[in-house]
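Below you'll find the structure, written out as structure tokens, and then a few comments.
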Protein chains: 4
Amino acid sequence: MTTMKNTRGFASDNNAGVHPDILKAIESVNSGHVTGYGDDVYTDRAISTIKGIFGDGVDVYFVFIGTAANVLGLTAATRSYNSVICAECSHIHQDECGAPENYCGCKLLSVPTPDGKLTLEGINYHMHGFGFEHHSQPKVVSITQATEMGTVYTAEEISEIADFTHKHQMILHMDGARIANAAVTLGLGFREMTADVGVDVLSFGGTKNGMMYGEAVIFFDQALSEDFKYIRKQGMQLASKMRFIAAQFEAYLTNDLWKKNAEHANKMARILADEVAKFPEITVTQKVQANGVFATIPKEVIPILQKEFFFYVWDETTSEVRWMTSFDTAEVDIKGFVDVLKRVLKFVI
Amino acid sequence: MTTMKNTRGFASDNNAGVHPDILKAIESVNSGHVTGYGDDVYTDRAISTIKGIFGDGVDVYFVFIGTAANVLGLTAATRSYNSVICAECSHIHQDECGAPENYCGCKLLSVPTPDGKLTLEGINYHMHGFGFEHHSQPKVVSITQATEMGTVYTAEEISEIADFTHKHQMILHMDGARIANAAVTLGLGFREMTADVGVDVLSFGGTKNGMMYGEAVIFFDQALSEDFKYIRKQGMQLASKMRFIAAQFEAYLTNDLWKKNAEHANKMARILADEVAKFPEITVTQKVQANGVFATIPKEVIPILQKEFFFYVWDETTSEVRWMTSFDTAEVDIKGFVDVLKRVLKFVI
Amino acid sequence: MTTMKNTRGFASDNNAGVHPDILKAIESVNSGHVTGYGDDVYTDRAISTIKGIFGDGVDVYFVFIGTAANVLGLTAATRSYNSVICAECSHIHQDECGAPENYCGCKLLSVPTPDGKLTLEGINYHMHGFGFEHHSQPKVVSITQATEMGTVYTAEEISEIADFTHKHQMILHMDGARIANAAVTLGLGFREMTADVGVDVLSFGGTKNGMMYGEAVIFFDQALSEDFKYIRKQGMQLASKMRFIAAQFEAYLTNDLWKKNAEHANKMARILADEVAKFPEITVTQKVQANGVFATIPKEVIPILQKEFFFYVWDETTSEVRWMTSFDTAEVDIKGFVDVLKRVLKFVI
Amino acid sequence: MTTMKNTRGFASDNNAGVHPDILKAIESVNSGHVTGYGDDVYTDRAISTIKGIFGDGVDVYFVFIGTAANVLGLTAATRSYNSVICAECSHIHQDECGAPENYCGCKLLSVPTPDGKLTLEGINYHMHGFGFEHHSQPKVVSITQATEMGTVYTAEEISEIADFTHKHQMILHMDGARIANAAVTLGLGFREMTADVGVDVLSFGGTKNGMMYGEAVIFFDQALSEDFKYIRKQGMQLASKMRFIAAQFEAYLTNDLWKKNAEHANKMARILADEVAKFPEITVTQKVQANGVFATIPKEVIPILQKEFFFYVWDETTSEVRWMTSFDTAEVDIKGFVDVLKRVLKFVI
């Protein structure tokens with residue numbers, strides 16, 4: 001059962017709480033009345049801040065969560081007879097309980113990937129049936145940055161996918177739930193890895209990196225967002241007290257908070273990976289380019305380990321597990337985890 | 001344009017900020033890691049608190065907003081060939097951009113009402129076509145408590161509607177976005193005005209009464225909630241950092257915070273109504289039973305008044321406007337508003 | 001129970017069978033192979049015939065039934081956050097089991113009418129909330145010609161509604177399930193009462209006037225039909241052996257078959273109305289402008305009468321019934337019906 | 001362009017016309033009036049005939065086409081948070097323009113197959129995430145009989161899949177668009193290969209085997225069909241003049257018409273396969289167990305051949321094509337086709 005100890009672990013970056021600066025920002029806007037649903041100065045300011053990053057020609061809409069950002073962004077980009085090409089391990093395909101199909105009506109065409117990254121060859125497998133009314137019409141390619149496997153697309157890779165996508169009059173969507181972690185790895189600004197390399201719609205997340213709730217749907221292709229205010233409202237994602245989402249984004253994007261948090265989480269992941277790699281029984285299976293560590297460990301160790309540090313098994317057949325670090329992971333947490341690992345592995349082997 | 005002044009006004013109860021106790025509660029749970037998506041002690045505790053109010057036999061699910069609580073509650077209660085009977089002025093019919101139809105697939109059958117309250121006669125108008133496959137099958141009656149017109153159903157009225165609804169094997173849904181305001185008016189506990197009088201599904205709101213975000217869908221008929229965890233997730237309403245919604249509800253329902261806030265808002269509404277009723281040019285059009293005041297005022301006054309205190313025109317044809325009070329409305333705000341009214345009315349007449 | 005007698009009655013024009021010329025046309029195209037799904041000479045020819053009537057600038061798609069023609073035509077004209085204004089008695093609102101809401105996602109806004117005909121005043125009641133994201137955005141006005149009450153819009157009335165609709169950047173949809181009956185009443189060609197007076201999308205029906213199955217969705221505004229081939233296929237309305245629908249339309253529109261059938265049915269309705277009006281106990285309640293007769297009759301007569309001639313009660317509260325004539329109604333059928341009426345009324349009174 | 005010649009070819013079994021006995025049956029019910037929408041003696045009789053085959057405990061509903069039978073059958077078996085496991089080449093996944101996702105809301109989980117047949121191993125790949133709300137809940141396994149690759153499941157194979165499916169509290173759906181072709185291959189009655197081996201819902205098709213239009217959804221698990229009359233109506237698949245679908249089924253299932261047609265088509269496929277296999281440049285790629293022949297042929301031959309006999313390329317990358325035979329294929333057609341093949345292959349090589 002759950003306990004009040006709230007030990008920091010490696011189950012997910014969303015098991016962490018909220019960064020103190022975010023909380024402070026929330027408090028700081030809590031005075032008096034402002035118009036609801038986003039027609040307020042705090043929302044104006046947060047949108048300006050985001051436009052300062054991505055350029056004036058973007059449209060920005062806040063929603064509550066990443067699943068909604070993805071689904072409503074896709075809704076804006078599609079009609080129900082379209083299909084969306086994505087990695088088999090992508091959040092939209094595996095972890096949204098079929099919300100994209102249900103809400104957009106679209107078919108998701110998945111591509112198995114060894115590392116979570118779509119390739120041109122993988123995308124191309126589904127690039128057929130254009131103009132043939134019996135076939136769902138491919139309309140969107142969706143990539144995740146950083147990927148669900150803790151890897152990161154380079155700007156060049158994104159650009160190449162964008163060109164391929166646009167050549168087919170299609171739209172490039174990016175699920176950026178962990179875009180900050182990717183940005184610090186690439187050493188690029190958000191714009192350089194999205195708008196500048198051909199992304200058309202972005203789910204811009206912060207909750208996994210220290211925010212409480214709230215995600216931004218950012219349209220680089222403004223033709224797509226023309227009616228998005230209705231899509232958001234009908235999609236049950238229009239917050240009445242919007243200022244509290246706006247304040248979080250404002251704080252998140254100010255004083256490099258996003259960057260410090262992501263750099264820290266990534267660094268912790270690298271340390272964790274280095275430490276666990278020292279165990280001969282453990283094999284790190286993916287490049288550690290963001291804040292996730294994937295590894296195969298002896299099957300019988302898993303339930304014992306989970307009792308002290310809960311985490312998810314990624315692939316039962318291969319005994320592959322996932323460990324995530326977050327903005328508040330401390331080196332002592334890693335040390336504690338490694339100590340338990342040591343004890344448990346000795347015990348089992 | 002929006003200003004930084006944030007003057008308290010009467011546009012909507014959701015223009016207010018967050019009660020300090022709610023903010024404190026949010027901060028108090030922000031330490032360490034807990035499992036995401038509601039599998040944590042804070043969520044357990046908040047659900048226990050709610051069960052303490054409504055009885056153990058209820059199912060409780062947190063979502064982000066009232067629109068979602070309504071739509072997903074209705075989704076659980078219907079299939080797409082069903083219809084939902086509601087007041088013409090109801091939030092689900094007027095203010096959710098068609099989300100119920102789009103998400104549930106159902107038809108909404110609206111009933112004009114003078115005061116926002118459904119009557120048996122009004123409901124009965126749509127009670128036909130049962131078993132006839134050409135006709136959407138009536139399945140839900142949805143009432144709002146307090147209503148969108150600031151009026152309140154008595155427990156007897158709800159009970160009568162529930163009996164009529166159940167007699168037809170239908171389900172009674174209550175949109176309780178302002179249930180606290182109704183409860184203090186009735187002098188009843190939440191249970192006495194819902195579960196005990198036949199409500200089957202409740203959207204239990206707090207955001208309009210001092211919370212930041214978060215609403216609870218409460219099922220008194222547990223047969224309806226069997227699969228609700230999937231409905232919530234697919235409906236894009238499962239919060240990852242659920243503890244921050246849970247903490248709000250915990251604080252809201254502790255030390256009678258909900259009650260104090262609602263009593264205050266209602267009192268302010270009565271004072272406001274009394275004050276504006278003194279102007280011969282103004283007619284209060286609805287009973288003031290919650291925190292809303294409806295009144296007809298001279299048409300030409302509206303835009304002038306709105307410049308200083310923004311509010312919504314309810315009915316352009318009759319020049320009827322709506323003024324809402326909130327937990328943080330001060331008597332001085334009413335005085336300020338009345339002063340402006342005086343000045344403006346003199347100027348115009 | 002149903003019997004093999006198959007006596008012609010007045011329950012519905014779709015209780016009739018198929019005109020012999022239509023059957024012959026079906027047989028005549030039944031030789032050899034042609035490409036499926038409409039890419040065949042018969043379909044080409046039928047579409048040409050229809051373009052010959054409505055003008056070359058139209059797009060024509062065959063579907064199976066009227067409900068589908070309505071729903072898919074509306075799908076092409078809307079996105080889910082739109083609303084559709086229609087008469088309360090309209091087929092899309094009363095008789096399609098909520099298919100428009102479920103499939104388009106749109107809200108239907110109904111207007112009570114005494115005679116089935118929308119008026120500008122009735123439409124205008126719902127003309128608000130434009131640009132307001134909380135409100136379903138009005139996008140389509142849908143009229144039925146002839147109406148469900150057996151009345152007919154004049155070309156001037158349609159033109160006036162079209163102007164009003166277009167002034168609001170909205171689209172005029174016509175449910176023409178009984179358009180032939182209206183055309184002969186007006187003495188106009190199909191084009192003069194649709195394209196020429198501002199209709200944008202038409203459900204063009206023939207099944208109620210002697211065809212077996214098949215309806216055409218005709219777009220006068222081709223911008224609406226750009227993707228309709230996908231909408232039709234995904235909407236489960238693309239016939240594989242399309243030639244058999246095409247052949248029916250070809251025959252229906254050749255040698256004035258549609259006209260003769262409709263003229264006959266309308267004439268029979270007038271005779272029937274004249275005959276029943278002779279009974280002092282019966283009041284014809286609607287103008288008989290097409291092939292339907294509405295009348296109030298003594299309540300206790302209804303079940304007795306229905307045993308010999310089944311028909312539908314239109315309004316239980318007023319004891320109003322509906323009698324429909326069809327292309328194959330014979331004067332002897334009317335005589336037989338009147339004889340029964342005589343006997344039954346005498347018996348009861 | 002299309003021509004009036006209507007030469008019989010091998011593009012699809014739905015390029016054929018209608019068997020004369022079916023046409024005769026249609027004519028034979030075309031007298032007098034019967035109640036619409038299926039409440040007539042012809043529909044009663046056809047349903048009785050089908051129950052005579054499958055057993056009294058089944059529910060039978062007629063719809064217009066196979067896509068609708070599949071989609072509405074799946075709608076009855078699922079809620080939107082479910083997933084459907086199917087072969088990658090299945091009609092529901094490849095050829096319905098995403099109708100299942102759009103209409104049911106469900107996710108389709110596809111399995112690549114060499115021969116169109118699902119195996120336990122293939123199904124098992126998607127059998128995870130039960131009870132985990134982030135994941136679409138597997139609910140249906142859908143198989144096609146005969147498959148899209150012209151192969152046939154044995155009764156044992158179906159039984160094995162059914163057991164596996166039921167063990168997981170899931171439902172087995174069969175797309176029987178070509179069930180007659182499979183039945184004659186297996187030498188089994190319809191019941192022995194469906195109800196008796198665990199199929200829960202069947203799309204029972206006849207259009208590809210000599211009917212004009214109309215398909216039956218047959219529920220062996222009556223719990224699934226409780227509300228199907230509403231699902232069919234709202235799904236735009238309720239025919240008003242139902243007797244003409246019923247009459248077709250009656251004729252189809254009388255005097256072994258279905259059997260003779262299917263036996264003939266299958267026999268023609270075997271002859272065609274034998275003939276084309278004689279060309280060293282052609283490799284038949286699938287077992288010929290129904291009425292389809294799959295083969296790889298030299299790429300450059302395809303467009304030349306298609307000019308005289310249109311057919312579909314199944315896989316551009318491997319130059320695999322599909323040839324279908326039908327109830328009206330004559331040996332002379334095969335001879336003609338082979339002659340052209342001879343000429344064209346000589347010319348090209």
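Residue numbering restarts at 1 for every chain, and letters A, B, ... go by the order of the sequence lines. Since we're looking at a predicted model, the values are computed, not measured.
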Can you sort out the partners of A/Asn82 under side chain to side chain contact (heavy atoms under 4.5 Å, CB included), two or more places apart, ordered by chain and number?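 Listed in chain order: A/Thr78, A/Arg79, A/Cys106, A/Gln137, A/Lys139.
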Portion of [X] that has a non-hydrogen atom of chain A nearer than 4.5 angstrom:
X: B/Ala16; result: both
X: B/Met242; result: neither
X: B/Gln237; result: both
X: B/Ile26; result: side chain
X: B/Asn70; result: neither

Heavy-atom pair count under 4.5 Å with chain B, highest-scoring of A/Val18, A/Ile245, A/Val71: A/Val18
Do you know which of A/Gly235, A/Gly98, A/Ser326 has the most heavy-atom pairs with chain B at a distance under 4.5 angstrom?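 The option with the most such pairs is A/Gly98.
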Any side-chain heavy atom of B/Met236 sitting closer than 4.5 Å to one from A/Leu72?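 Yes - at least one pair of side-chain heavy atoms lies under 4.5 Å apart.
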Rounded to the nearest 0.5 angstrom, the OG1-CG distance for B/Thr67 and A/Leu238 is 8.0 Å
How long is the straight-line distance from NZ of B/Lys233 back to CG of A/Asp95, given to the nearest 0.5 Å? 7.0 Å
So for A/Phe244, is it side chain, backbone, both, or neither that comes closer than 4.5 Å to the heavy atoms of chain B? side chain
For B/Glu308, side chain to side chain donor-acceptor pair (under 3.5 Å) partners two or more places apart: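 Testing B/Glu308 for side chain to side chain donor-acceptor pair (under 3.5 Å), a comparison that skips the adjacent residues, returns B/Arg343.
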Quick check on side-chain hydrogen bond (donor to acceptor under 3.5 Å, both in side chains): which of B/Asp333, B/Asp328, B/Asn15 does A/His33 satisfy it with?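 For A/His33, the side-chain hydrogen bond (donor to acceptor under 3.5 Å, both in side chains) check succeeds only for B/Asp328.
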Heavy atoms only: give me the nearest A/Asn14-B/Ser240 pair and the separation to one decimal. ND2-CB, 3.6 Å
Is the gap between the ring centers of B/Tyr213 and A/Tyr213 under 6.0 Å?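 Yes: the rings meet the under 6.0 Å criterion.
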